[in-house]
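In what follows, chains are A, B, ... by sequence order, proteins preceding strands, each numbered from 1. Since we're looking at a predicted model, the values are computed, not measured.
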Amino acid sequence: MSQPPEEESARPLRDVDLRAAERGVWLVKVPKYLSEKWKRASGKGEVGKLKIISTKIPGAQPEVTFSMNEAQAQVQVPGRGTATPKEHKFKLTGVGNQNLVVFSENKGEGTTAAEITERIAIEGKVIQRAECQPVVDKSYMQLKKRHVEDSNKPKREIKQITGVVTTYKPVSNHAANIEHEKKIKEGGKRIRDERDVVTNKLFEIFEKHQYYNIQDLVRLTNQPVHPSHYFGGRGRQPLGGGIFAAFPF
Amino acid sequence: MATNVQQVAVSKPGASSGSQGNASEYVVRVPNDPLKKYSMIKFASGTDIDFLKLSHGKVKMERENNLRQYKTIYNLDAMPKFGAGSEYGREQKEEARRKKYGINIKKYNPNDQPWLMKVGDGKDCKRYKGVREGTISENTSYYIFTKCADGAFEAFPIEEWYNFQPVVKYKYLNSEEAEEEFSRRDKTMNLFSIMVRKRIKNEEETEEKPEDKKDKKKDKKSLILTDMEDWMETEDEEEEEEEAEEGAEKKPKKEKKEEKTKRRKNAKINADDEAVEESDEGDFDDRELDYISDSGSESSLDEKAKNDKYDDQGVDQEKGLKKLIDSEEESSEEENKEEDEEDEEEEAEKEAQSKKEKKKKKDSKENNKEGGESDSSSSSSDSDDSDIDKNEDKFSSVLFMQEKKRSSRPNTPTVEKLEIKTEPKSEGGIKRKIEAEEGGAEKKVRTESPAPSLKTSASSSSISSSGEITEEAIRHYLTRRPMTAKELVQKFKAKKSQMSNEQLTQKIGQLLKKINPGRKYIKGVMYLSLEKTE
C-alpha cells in the first residue's frame, strides 16, 4: 500500500461557472437498452429525431416522439440483439416540488499528475421531466422476450470437462527450492565484518525505526547469525515470528 | 473533447403531422465527451435557492475531504511511521495479515465524498452539503436534454445524484440527550450552589431593588417543554416579588419562615433557583378544602407541617441529637411518646426554629455557650430529673450520671450547681421537693403545650436567652412540652447561676401559681403543660 502522501486537510472551495445557470433542461428517463445504444453513437453523435407536436387543447401536454435513425438502430450492442423499437414516446411530467439543478465537472487535460483541475459548471435547471417509453411493436416484444430469457438463466453453469485436470505430483525438488539454492551459491555466504563496521551499520539502521526483526537486520547488515546466540543458548528456534531487537533510547 | 457540431440541425417549424397543432422536429445528439461528467443536484424540499436570483453570483463547490476520518476508522495511521515506536516493515506486515485473513477494507475514493457548496460570500453565506444518492437503478438511466443554439437537442447522461441539504451550525440534542434533559427537568442538580445563592439573596432582600427582580427573571428553566411552564415561571416570579415586599416589613426571621412555607407550597412549579424537595404521592391532596377539620388560614401551616413529617431529624438538629443522647435512658421512651402524642408538626417547627435561634444565640453571646450546650444538656438532664423523681433513693446514682455527663463537657459551674442542688435536696427532704414539684408541675404542663404563634415564640426565645425568670419564659417552656418542676428549675439554673436554689424555686413557684398550668400524670410523675392559647 505504498501511496503518495495524500492531503488530509480540507481543500479550498472552487468557483462554479454560472453562465448557463438559467438554461431550462429536460430530465428524461431512458430505458437501458436505448441508452446503451446511444452510448455507442458513432461519429457525429446523432441518434435520432425528436418530434414535438404542441396541441391546441389547453392543459394538455404536447406530444413528443423520438424516432431513431436507421444507422443508429443497427448499432450492435454486444451481448444483446439489435432488435429495438424505433419509436418512443416521451411521457411528460412536471418537476413537482423538487429543485433540480444540473452541474458538470470538466476534467481539464491533466498536465501535472498531482493536480487535476476540474471546472465545475452549472448546466441548467430542470423544468420538465419525461419518461421515454417505447411504442409497443414487434421488435419490442422480441427484445423483452430476450430480456426475460437472459435474466432467468442460472448464473452458474455445469460444463463437462474435456481435458486433463492438473494434480500435484510428488517432486524431488521443487522449483522454488532449486532457485533458492542457486542464489545462495552465487551470492556467497555472509562473512563477518569488523565489529566497528557492523555497529556503525546498526546505528544507521536504527536511526530509521525503533523496532526491527532479527531476520531483517540480518538481511540489512548481511552478517551471519546463529539463532542460538539470541535464544539464551537453548539452540532451538522459537516458533512464530522472530525476536524484536530494540535499541533502548 | 469537442462536441460534434458537424451535423446541421434540421428544424422545421410548422411541419404538419396533424391538424391539431404545430409540429417541429429536432435532431437529437448524444455527444460523447469522456472528460465532462454530469451530475444532478437535488435540493431538499423547502430549500430556497435559485441560481438565477443570486445577487452576488458567487457559488463555490468542493468535495469534502474525509481522508482523516477514513484513516481513524481503520486505524491506518495509529502507529508512528518513523522515530520512536516505529517498526521496520509494519505496513507490509499489516497488509500481509489482512490478505491472509481476507479482510477487505473499502478503499477511500475521493470522488465518492460529499460535496460542500457555499452560496454567497462573507458572513451571510449559505452552506450546503450534498450526499450522493445510492440507488441508480440498473434498468434506467437519466439523460438531460438541452436545446442548443442551433436548434438541436443534446442529450447528456447523468451519472450521479446528490442530495443537498443546508448545513446546520447550531447545536441540537439528539434523541438520547433530549430524553435525558426531559427526565431532569424537574430536578435541581446544583442544590448546593442554589442554596448558597438563596442565602445571599435573602440577606439582601430587605433592601430590595427592582434590579433583583430582573435578575430573578433571568433565571429560567433550561428545558421548557410547554407554554404552561413558561406561564408558571412568570407566576412564580410574581409570587417572589410579593414575598419580598412582605419581607421588607417584617423581621427577617419570620420572612424566612413565610417564604419557606410559601415556597414549599409550590414545590413543583418553582424555578430552578429554589431547591425544593420533590413531593410524594398524596402530599398535595389537601389542597382542597377539608370540611371536617378547620382549614384556610392554617392550611399553609399544615402543609408545611405535613412536609415536616417526612423530614428525618438528623443529628445536627437538636431534636435528633436529643434522641441520640436520650436513647440510653428509660425516660427517653417517655419523651418520645410524649412527643408523639403532641402535635408533631408544631414541635418540629419549633425545634427547627429554636435551632436557628440557638445558633444565633451561640454566635451572638459567647457567654451563653454554656447556655446553648446546657440547653441540650438540660433537656437530657430533664430526663435525669424524672429519674430522680421516680427513684428518690437513687440520688447517688443519678449524681454520678449527671457528673458523667457534665464531665464530658467543660461546664464546671453547672457541675457545681448541680451538686449544690442535690445536696440540699438530700438534706431538705421531701417537703421542699414536693413544693418544688408542685410548682414545677405547673410549669411543666405549660411547656408541654404546643408552640404558640411565631411572634411570641420569637420574643420568648429572646427572653429565654437572656436568662430572666419571667412568666413569659416559663410559658414558653411549658408550651413547648410538658416538663416537671425539676426540669424547669434546671433550665433556669443553667441561665441564672447567681440565684440560689431556694430563690429559684420560690420564684418559679410564684410564677407557676400565676400561670396555673395543667397537670398531667405520666408514669406516676406530674408534668406541667400549657395548652396552646391561640
Checklist entry - Would a 4.5 Å heavy-atom cut-off, applied to side chains only, mark B:Tyr88 and A:Asn213 as touching? => result no
Next on the checklist: Other residues, nucleotides and ligands only: do more than 12 of their heavy atoms fall within 6.0 Å of NZ on B:Lys42?
Outcome noted: yes
Checklist entry - About how many Å separate NZ of A:Lys39 and CG of B:Asn32, when rounded to the nearest 0.5 Å? => result 9.5 Å
Next on the checklist: For the CE atom of B:Met61 and the CZ atom of A:Phe103, what is their distance to the nearest 0.5 Å?
Outcome noted: 3.5 Å
Checklist entry - Counting only N and O atoms by type, is there a donor-acceptor contact under 3.5 Å from the side chain of A:Gln210 to the main-chain atoms of B:Gly85? => result yes
Next on the checklist: Rounded to the nearest 0.5 Å, what separates atom CZ in A:Arg119 from atom NZ in B:Lys36?
Outcome noted: 7.5 Å
Item to check | By side-chain contact (heavy atoms from CB on, under 4.5 Å) - contacts of B:Gln165 (at least two apart) | outcome: B:Ala44
Checklist entry - Charged N to carboxylate O below 4.0 Å: is that the case for A:Glu8 and B:Lys71? => result yes
Checklist outcome for this item: Applying ring-ring contact (aromatic ring centres under 6.0 Å, His included) to A:Tyr140 and not counting sequence neighbours gives none
Checklist entry - Crowded around A:Asn97 CG? As in, over 12 foreign heavy atoms under 6.0 Å? => result no
Item to check | Portion of A:Ile205 that has a non-hydrogen atom of chain B nearer than 4.5 angstrom | outcome: neither
Next on the checklist: Nearest 0.5 Å, please: how far is NZ in A:Lys51 from OG in B:Ser24?
Outcome noted: 10.5 Å
Item to check | Sub-4.5 Å side-chain heavy-atom contact between B:Val59 and A:Leu18 | outcome: yes
Item to check | Contacting moiety of B:Tyr162, where chain A heavy atoms sit under 4.5 Å | outcome: side chain
Checklist entry - Is chain A contacted by the side chain of B:Asp77, its backbone, both, or neither, given a heavy-atom distance below 4.5 Å? => result side chain
Checklist entry - What heavy-atom pair brings B:Ile158 and A:Leu27 nearest, and what distance separates the two atoms? => result CD1-CD1, 3.7 Å
Checklist entry - Counting only heavy atoms not in B:Lys37, do more than 12 sit closer than 6.0 Å to its NZ atom? => result yes
Item to check | B:Glu179 atom CD: more than 12 heavy-atom contacts under 6.0 Å | outcome: no
Next on the checklist: Under the criterion side chain to side chain contact (heavy atoms under 4.5 Å, CB included), I'd like the reasoning laid out for B:Val28 against A:Lys49: C-alpha separation, chi angles, the key distance, then a yes or no.
Outcome noted: CA-CA 5 Å; B:Val28 176; A:Lys49 285 195 177 63; 6.0 Å; no
Item to check | B:Ile144 CD1 to A:Ser104 OG distance, which is reported to the nearest 0.5 Å | outcome: 11.0 Å
Checklist entry - Stepwise, does the salt bridge (Lys or Arg N to Asp or Glu O under 4.0 Å) test hold for B:Glu87 with A:Lys208? => result CA-CA 9 Å; B:Glu87 185 192 315; A:Lys208 292 174 199 152; over 6 Å; no
Next on the checklist: Using a 3.5 Å distance criterion without hydrogens, assess whether the side chain of B:Asn65 forms a donor-acceptor pair with backbone atoms of A:Arg11.
Outcome noted: no
Checklist entry - At their closest point, which heavy atom of A:Pro31 faces which heavy atom of B:Ser141, and how far apart are they? => result O-OG, 4.4 Å
Next on the checklist: I need the residue from B:Trp115, B:Phe82, B:Tyr70 with the largest number of non-hydrogen atom pairs under 4.5 Å to chain A.
Outcome noted: B:Trp115
Item to check | Heavy-atom side-chain proximity of A:Arg129 to B:Tyr142 below 4.5 angstrom | outcome: yes
Checklist entry - If you count heavy-atom pairs under 4.5 Å with chain B, which of A:Val30, A:Leu220, A:Val64, A:Ile120 comes out on top? => result A:Val30
Item to check | Side-chain heavy-atom pair B:Ser39, A:Glu105 within 4.5 angstrom cut-off | outcome: yes
Checklist outcome for this item: One should read off an interatomic distance between A:Ile122 CD1 and B:Ile41 CD1, to the nearest 0.5 angstrom, of 4.5 Å
Checklist entry - Based on non-hydrogen pairs under 4.5 Å, which of A:Val25, A:Leu100, A:Leu50, A:Asp15 is most in contact with chain B? => result A:Leu50
Item to check | chain A contact via B:Phe153 - which portion, at a heavy-atom distance below 4.5 Å | outcome: side chain
Item to check | Aromatic centroids of A:Trp38 and B:Tyr143 separated by under 6.0 Å | outcome: yes
Checklist entry - For A:Lys89, does the NZ atom sit with more than 12 other heavy atoms under 6.0 Å from it, leaving out its own atoms? => result no
Item to check | Side-chain touch A:Phe90/B:Phe145, heavy atoms, less than 4.5 angstrom | outcome: yes
